[in-house]
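Because the structure is a prediction, the values reported are computed rather than measured. Count residues from 1 along the sequence.
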Amino acid sequence: MQTFLLICDLKDEPEAIQAYIDCHKAVAPEILESIRVAGVHQMSIYRWHNRLSMILVGDDNFSFERKAELDNANPKVQEWEAFLGQYQTNLPGTPANWRWAVTEKIFEFRV
């Protein structure tokens with residue numbers, strides 16, 4: 001298994017933040033299935049103000065390149081991403097239309 005932490009910023013507008021939260025209360029089964037097919041075993045999104053953090057746990061074969069290929073070939077996922085895009089904004093220092101950025105792990109403690 002592989003674990004990733006991704007970050008994303010929402011527009012700093014109360015309506016955009018609430019709309020993003022609301023649309024994740026009932027994610028379409030086709031979207032959930034696309035996540036599973038990509039090799040994701042667990043996905044959680046956390047929020048602090050307008051900053052989102054996603055914990056993604058994928059199987060050993062998971063790759064963001066493969067997930068992007070699958071997503072690009074799935075019209076329902078493209079529709080979902082376009083819908084969510086209206087609430088998201090670029091992270092500082094990222095290219096245009098960049099949403100989620102993979103963070104670098106710099107510390108880990110385990111017992």
Side-chain angles (χ1 to χ4, degrees):
M1 293 293 204
Q2 307 175 69
T3 302
F4 303 93
L5 175 67
L6 296 88
I7 57 174
C8 176
D9 280 353
L10 296 173
K11 293 178 180 174
D12 199 6
E13 304 165 359
E15 300 81 16
I17 293 168
Q18 191 58 53
Y20 191 90
I21 291 168
D22 289 347
C23 72
H24 281 83
K25 290 179 180 176
V27 178
E30 299 90 348
I31 301 303
L32 299 175
E33 179 64 8
S34 75
I35 294 168
R36 187 195 66 76
V37 167
V40 176
H41 288 251
Q42 179 183 348
M43 180 184 285
S44 303
I45 299 174
Y46 296 83
R47 181 182 69 87
W48 182 76
H49 296 282
N50 69 316
R51 172 79 34 101
L52 303 175
S53 298
M54 176 193 296
I55 299 171
L56 185 155
V57 179
D59 61 28
D60 291 336
N61 297 317
F62 174 82
S63 75
F64 288 103
E65 295 79 13
R66 179 170 177 266
K67 183 166 183 344
E69 288 175 12
L70 293 169
D71 290 352
N72 288 333
N74 185 327
K76 189 73 172 174
V77 171
Q78 291 301 303
E79 179 183 320
W80 172 254
E81 290 297 329
F83 177 73
L84 294 179
Q86 68 183 317
Y87 306 121
Q88 298 166 321
T89 188
N90 281 57
L91 286 163
T94 60
N97 293 320
W98 194 273
R99 295 187 183 145
W100 288 97
V102 180
T103 63
E104 174 186 4
K105 184 193 305 186
I106 61 167
F107 176 79
E108 180 173 37
F109 172 79
R110 289 184 186 226
V111 175

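Contact check for Q2 versus V57: no side-chain heavy atoms found under the 4.5 Å cut-off. A heavy-atom distance below 4.5 Å is not found between the side chains of N50 and K11. Using a 4.5 Å cut-off on side-chain heavy atoms (C-beta onward), Y20 and I45 make contact.
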Check against side chain to side chain contact (heavy atoms under 4.5 Å, CB included), H24 and L84
CA-CA 10 Å; H24 281 83; L84 294 179; 3.8 Å; yes
Is there a side chain to side chain contact (heavy atoms under 4.5 Å, CB included) between N74 and W80 once you walk through the steps?
CA-CA 10 Å; N74 185 327; W80 172 254; over 6 Å; no
Side chain to side chain contact (heavy atoms under 4.5 Å, CB included) evaluation trace for L56 with W100
CA-CA 12 Å; L56 185 155; W100 288 97; over 6 Å; no
Going through the distances and angles, do D22 and K25 end up as a side chain to side chain contact (heavy atoms under 4.5 Å, CB included)?
CA-CA 5 Å; D22 289 347; K25 290 179 180 176; 3.3 Å; yes
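V77 and L70 sit in two unconnected hydrophobic clusters of ILVMFWY residues. Membership requires side-chain heavy atoms under 4.5 Å apart, directly or through other members. At a threshold of 4.5 Å between side-chain heavy atoms, the hydrophobic network of Ile, Leu, Val, Met, Phe, Trp and Tyr places M43 and L52 in one connected group. Hydrophobic clustering (ILVMFWY, side-chain heavy atoms < 4.5 Å, transitive): M54 and I31 are in one cluster. There is a path of hydrophobic side-chain contacts, each under 4.5 Å, that joins Y87 to I21. L5 and V40 are members of different hydrophobic clusters when ILVMFWY side chains are connected at heavy-atom separations under 4.5 Å.
For the atom pair L10 CG and T89 OG1, the distance stands at 9.0 Å (nearest 0.5 Å). Distance check, rounded to the nearest 0.5 Å: CZ of F64 to CZ of F4 gives 4.5 Å. Atom CD of E69 and atom OG of S63 lie 7.0 Å apart (nearest 0.5 Å).
The main-chain N or O of G58 is never found under 3.5 Å from a side-chain atom of Q42 such that the two would form a donor-acceptor pair.
Applying the salt bridge (charged side-chain N to carboxylate O under 4.0 Å, His left out) test to pairs two or more places apart or on separate chains, those with a residue in residues 99-108 are E81-R99, K105-E108, E108-R110. Applying the salt bridge (charged side-chain N to carboxylate O under 4.0 Å, His left out) test to pairs two or more places apart or on separate chains, those with a residue in residues 46-66 are D9-R51.
Among residues two or more places apart in sequence or in another chain, the side-chain hydrogen bond (donor to acceptor under 3.5 Å, both in side chains) test is passed with E33 by R36.
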